[in-house]
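Comments concern the structure below.
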Amino acid sequence: MQKVLNDVVLHTEKFSKSGGLSCPSGCHLCCLKKDISATPLEFLPLAYHLFRNGQAEAFYDRLEQLPNDNLCSLFSALGQTNGGCSQYRFRGLICRLFGYSANLDKQSQTRLVTCKTIKESESYRQLKPAQLTKAPKATDYYMRLAAIDFSLANEHRQINEAIRRALEIVMTYYQYRARRRRA
């Protein structure tokens, strides 16, 4: 899973640089949406990180207290991290792809999946169709997720629910794994 996430970062960075696209400094408008959909699979690295650092149960309890339509629990507008994400290194696939990936529209034309801010930039207006073909294809990366675990890759949930489910998977795995060991 981490390899897929790392590959996305490399691909989006390369595309971003070649097209001159970038998010404005301090912008995190995309994180202010409450209906961001994600899969538990893309948050397994985060769940494992939280578990290894003894933070999984507290984070899970915090998620349990949030309303179903809350902003992403990782978002921190006052934080010192990129894009306001408190766990930027462990952000999900959707977070890594948004802004710099492409999909095919109804007319089979390659379109960038990005925000209004980037669409209004000069760099975006100067993008040529040939450059768009080099953009990461979101469907390609989601297919790679499906190859890892078809069921979890197709379990789309509100982002906090996806994170909570990933924590459940990791905590359950290690709960049962610990019981098998002999004293």
Interatomic distance, [X] atom [atom1] to [Y] atom [atom2] [nearest 0.5 angstrom]:
{"X": "Thr139", "Y": "Leu104", "atom1": "OG1", "atom2": "CG", "answer": "7.0 Å"}
{"X": "Gln158", "Y": "Ser37", "atom1": "CD", "atom2": "OG", "answer": "8.5 Å"}
{"X": "Asn70", "Y": "Gln65", "atom1": "CG", "atom2": "CD", "answer": "11.5 Å"}
{"X": "Glu13", "Y": "Ser22", "atom1": "CD", "atom2": "OG", "answer": "12.5 Å"}
{"X": "Leu46", "Y": "Arg89", "atom1": "CG", "atom2": "CZ", "answer": "11.0 Å"}
{"X": "Leu127", "Y": "Ser121", "atom1": "CG", "atom2": "OG", "answer": "7.5 Å"}

May I ask you to decide if [Y]'s main-chain N or O and [X]'s side chain share a donor-acceptor pair within less than 3.5 Å?
{"X": "Lys137", "Y": "Ala135", "result": "yes"}
{"X": "Gln131", "Y": "Lys128", "result": "yes"}
{"X": "Asn160", "Y": "Leu63", "result": "no"}
{"X": "Asn53", "Y": "Gln55", "result": "no"}

May I ask you to test the [X]-[Y] pair for a side-chain heavy-atom distance under 4.5 Å?
{"X": "Tyr142", "Y": "Val4", "result": "no"}
{"X": "Phe59", "Y": "Leu74", "result": "yes"}
{"X": "Arg164", "Y": "Glu161", "result": "yes"}
{"X": "Thr110", "Y": "Pro129", "result": "no"}
{"X": "Val9", "Y": "Arg91", "result": "yes"}
{"X": "Leu5", "Y": "Pro45", "result": "yes"}
{"X": "Asp7", "Y": "Arg144", "result": "yes"}
{"X": "Ser73", "Y": "Leu66", "result": "yes"}

Parallel, tilted or perpendicular, as decided by the 30° and 60° cut-offs, for the rings of Tyr141 and His11: perpendicular
Test item: side-chain donor near acceptor, Gln2 and Asn6, under 3.5 Å: yes
Test item: side-chain donor near acceptor, Thr39 and Glu42, under 3.5 Å: yes
Heavy-atom pair with the smallest gap, counting every atom of [X] and [Y]:
{"X": "Ala130", "Y": "Thr133", "result": "O-OG1, 2.5 Å"}
{"X": "Phe98", "Y": "Cys115", "result": "CZ-N, 3.6 Å"}
{"X": "Pro136", "Y": "Tyr100", "result": "CD-O, 3.0 Å"}
{"X": "Leu167", "Y": "Ala56", "result": "CD2-CB, 3.9 Å"}
{"X": "Val8", "Y": "Arg96", "result": "CG1-CB, 3.6 Å"}
{"X": "Ile169", "Y": "Pro40", "result": "CD1-CB, 4.3 Å"}

Indicate, with yes or no, if [Y] and [X] share a hydrophobic cluster defined by side-chain heavy-atom contacts under 4.5 Å among Ile, Leu, Val, Met, Phe, Trp and Tyr.
{"X": "Leu97", "Y": "Leu132", "value": "no"}
{"X": "Leu29", "Y": "Val113", "value": "no"}
{"X": "Met143", "Y": "Met1", "value": "no"}
{"X": "Ile118", "Y": "Ile36", "value": "no"}
{"X": "Phe150", "Y": "Leu93", "value": "no"}

Test side chain to side chain contact (heavy atoms under 4.5 Å, CB included) applied to Phe43 and Ile159, step by step: CA-CA 9 Å; Phe43 285 103; Ile159 196 162; 3.8 Å; yes
Atom CD of Glu57: over 12 foreign heavy atoms under 6.0 Å: no
CA sep, side-chain torsions, deciding dist, call: Tyr48, Tyr173, side chain to side chain contact (heavy atoms under 4.5 Å, CB included): CA-CA 10 Å; Tyr48 180 69; Tyr173 174 81; over 6 Å; no
Pairing of Arg157 and Glu155 as salt bridge, 4.0 angstrom limit: yes
Side chain to side chain contact (heavy atoms under 4.5 Å, CB included) evaluation trace for Leu21 with Leu112: CA-CA 11 Å; Leu21 297 173; Leu112 202 60; 3.7 Å; yes
